[in-house]
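Have a look at the structure below, then the notes.
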Amino acid sequence: MENVILLGIKHCGKSTQGRLLAEKFGSIFFDTDDILTQMTGKTPRELYTEKGREAFLDAEAQACRVLASKSETFVAATGGGFCTNSRAVDFLRGVGKFIFLNVDEKIACDRIIKEVEISSEGTLKNLPSYIARENPATFDDVRRSFHKFFEERTKIYRELCNLEVKMLPVSKGENLKRILTALKSA
């Protein structure tokens, strides 16, 4: 089996499907965000917020370097912004097959909104940085910000991937079957 590296927007199912694929293949599952956290002691969001974009990109690239050095066969989930980190992409390019899990925009945005917290002042908190920096006041503002971002990222994922699989609003098992079928057909 060739290594499988899952790409896609936040909340598209990379970690869930990655664990299921690894179990199906009898291989190891890695999440680049988990490797980054182990290396830095901070979550990707904490690192980005506290140290800035460049520190985050460097740590993500180093996490991908560690993953690329693994001798065992694996399935890996990458962070949602992996596709814009050329050093991270370069470490994993050629190490495995890049599979873009393409989820419906509304589903991904609904999952982001579900995690939003509203402060006592009425501001929206716990948003991804690319939305938070626009200071959205309403959920409609969040959706507008996400739409532009989603369109840009989808284009990049498609350019990077070896294979694209549409994630449908069905069970995890059904989406796993879709990925396995796509892998067999490739």
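From a predicted model like this one, the values you see are computed outputs, not experimental measurements.
- Here the closest heavy-atom approach between residue Phe139 and residue Leu124 is recorded as CE2-CD2, 4.1 Å.
- Taking each heavy atom of Ser15 and Asp31 in turn, the nearest pair found is OG-OD2, 2.8 Å.
- Taking a cutoff of 4.0 Å between a charged side-chain nitrogen and a carboxylate oxygen, Glu174 and Lys177 qualify as a salt bridge.
- Heavy-atom contacts from other residues, nucleotides or ligands closer than 6.0 Å to NZ of Lys106 number 12 or fewer.
- To the nearest 0.5 Å, atoms CG (Asn126) and CD (Glu117) are separated by 4.5 Å.
- A heavy-atom distance below 4.5 Å is not found between the side chains of Asn102 and Val165.
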- Query: Does the pair Asp33 and Thr43 meet the rule for a side-chain contact (heavy atoms from CB on, under 4.5 Å), with working shown?
  - Reply: CA-CA 7 Å; Asp33 286 347; Thr43 66; over 6 Å; no

- Given the rule in the side-chain contact (heavy atoms from CB on, under 4.5 Å) test, do Lys97 and Ile5 qualify, once you have shown the distances and angles that lead to the verdict? CA-CA 6 Å; Lys97 188 177 295 281; Ile5 301 161; over 6 Å; no

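- A salt bridge between Arg143 and Asp110 is present, with a side-chain N of the basic residue lying under 4.0 Å from a carboxylate O of the acidic one.
- Just one residue in the list Val103, Thr154, Ile107 forms a side-chain contact (heavy atoms from CB on, under 4.5 Å) with Ile9, and that residue is Val103.
- Nearest heavy-atom pair, Cys64 versus Thr32, reported as atom, atom and distance to 0.1 Å: SG-CG2, 4.0 Å.
- Here the CD atom belonging to Glu151 is positioned 6.0 Å from the CD atom belonging to Glu105, to the nearest 0.5 angstrom.
- When hydrophobic clusters are built by joining Ile, Leu, Val, Met, Phe, Trp and Tyr residues whose side-chain heavy atoms come closer than 4.5 Å, directly or via intermediates, Leu57 is not grouped with Val66.
- Using a 4.5 Å heavy-atom cutoff, the side chains of Ile28 and Thr73 are not in contact.
- Looking at heavy atoms from C-beta onward, Leu180 lies in side-chain contact with Lys24 at the 4.5 angstrom threshold.
- When all heavy atoms of Lys14 and Leu6 are compared, the closest pair comes out as O-CD1, 3.3 Å.
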- Val75 vs Asn3, side-chain contact (heavy atoms from CB on, under 4.5 Å): CA-CA, chis, key distance, verdict: CA-CA 6 Å; Val75 175; Asn3 293 327; over 6 Å; no

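- Distance alone, capped at 3.5 Å, is enough to place a donor-acceptor pair between the Asn175 side chain and the Leu168 backbone.
- Enclosure of atom CD in Glu23 is not indicated, since only 12 or fewer non-hydrogen atoms of other residues, nucleotides or ligands lie within 6.0 angstrom.
- A heavy-atom distance below 4.5 Å is not found between the side chains of Pro169 and Asp104.
- Distance check: Glu115 CD to His11 NE2 gives 3.5 Å after rounding to the nearest 0.5 Å.
- Smallest separation of non-hydrogen atoms from Arg87 and Ala61: CB-CB, 3.8 Å.
- Side-chain heavy atoms closer than 4.5 Å link hydrophobic residues (I, L, V, M, F, W, Y) into clusters, and following such links, possibly through other members, connects Ile179 to Leu163.
- The minimum heavy-atom distance linking Leu47 with Ala55 is given by the pair CD2-O, 3.9 Å.
- Cluster membership check: Phe149 shares its hydrophobic cluster with Ile112, using side-chain heavy-atom separations under 4.5 Å among Ile, Leu, Val, Met, Phe, Trp and Tyr.
- In this structure, CG in Asp58 is found 9.5 Å from CZ in Arg65, a value given to the nearest 0.5 Å.
- Separation of atoms SG (Cys83) and NZ (Lys155) is listed at 12.0 Å; rounding is to 0.5 Å.
- Checking side-chain atoms of Gln17 against main-chain N and O of Lys172 turns up a donor-acceptor pair under 3.5 Å.
- Side-chain contact check for Ser129 versus Thr49: every heavy-atom pair is 4.5 Å or farther apart.
- Using a 30° and 60° split on the angle between ring planes, Phe74 and Phe30 fall in the perpendicular class, above 60°.
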- Determine, step by step, whether Phe82 and Leu92 satisfy the side-chain contact (heavy atoms from CB on, under 4.5 Å) criterion, reporting the C-alpha distance in whole Å, the side-chain angles of both residues, the deciding distance to 0.1 Å, and the verdict. CA-CA 10 Å; Phe82 164 81; Leu92 295 182; 3.8 Å; yes

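- No single ILVMFWY cluster, assembled from side-chain heavy atoms under 4.5 Å apart, contains both Met39 and Tyr48.
- Atom CG in Leu101 sits 11.0 Å away from atom NZ in Lys166 (nearest 0.5 Å).
- Listed by first then second residue, pairs satisfying ring-ring contact (aromatic ring centres under 6.0 Å, His included) with a partner in residues 155-186 read Phe100-Tyr157, not counting sequence neighbours.
- The backbone N or O of Gly13 sits nowhere less than 3.5 Å from a side-chain atom of Thr16 that would complete a donor-acceptor pair.
- Of the possible donor and acceptor atoms, none in the side chain of Arg93 sits under 3.5 Å from a partner among the backbone N and O of Ala88.
- Counting heavy atoms from C-beta on, the side chains of Tyr130 and Ser145 never come closer than 4.5 Å.
- In the hydrophobic clustering of this structure, Phe91 does not group with Ile99; members are Ile, Leu, Val, Met, Phe, Trp, Tyr whose side-chain heavy atoms approach within less than 4.5 Å, directly or through other members.
- Here the side chains of Val142 and Glu134 are not in contact, with every heavy-atom distance at 4.5 Å or above.
- Residues Pro128 and Lys10 have side chains in contact (heavy-atom distance under 4.5 Å, counting atoms from C-beta outward).
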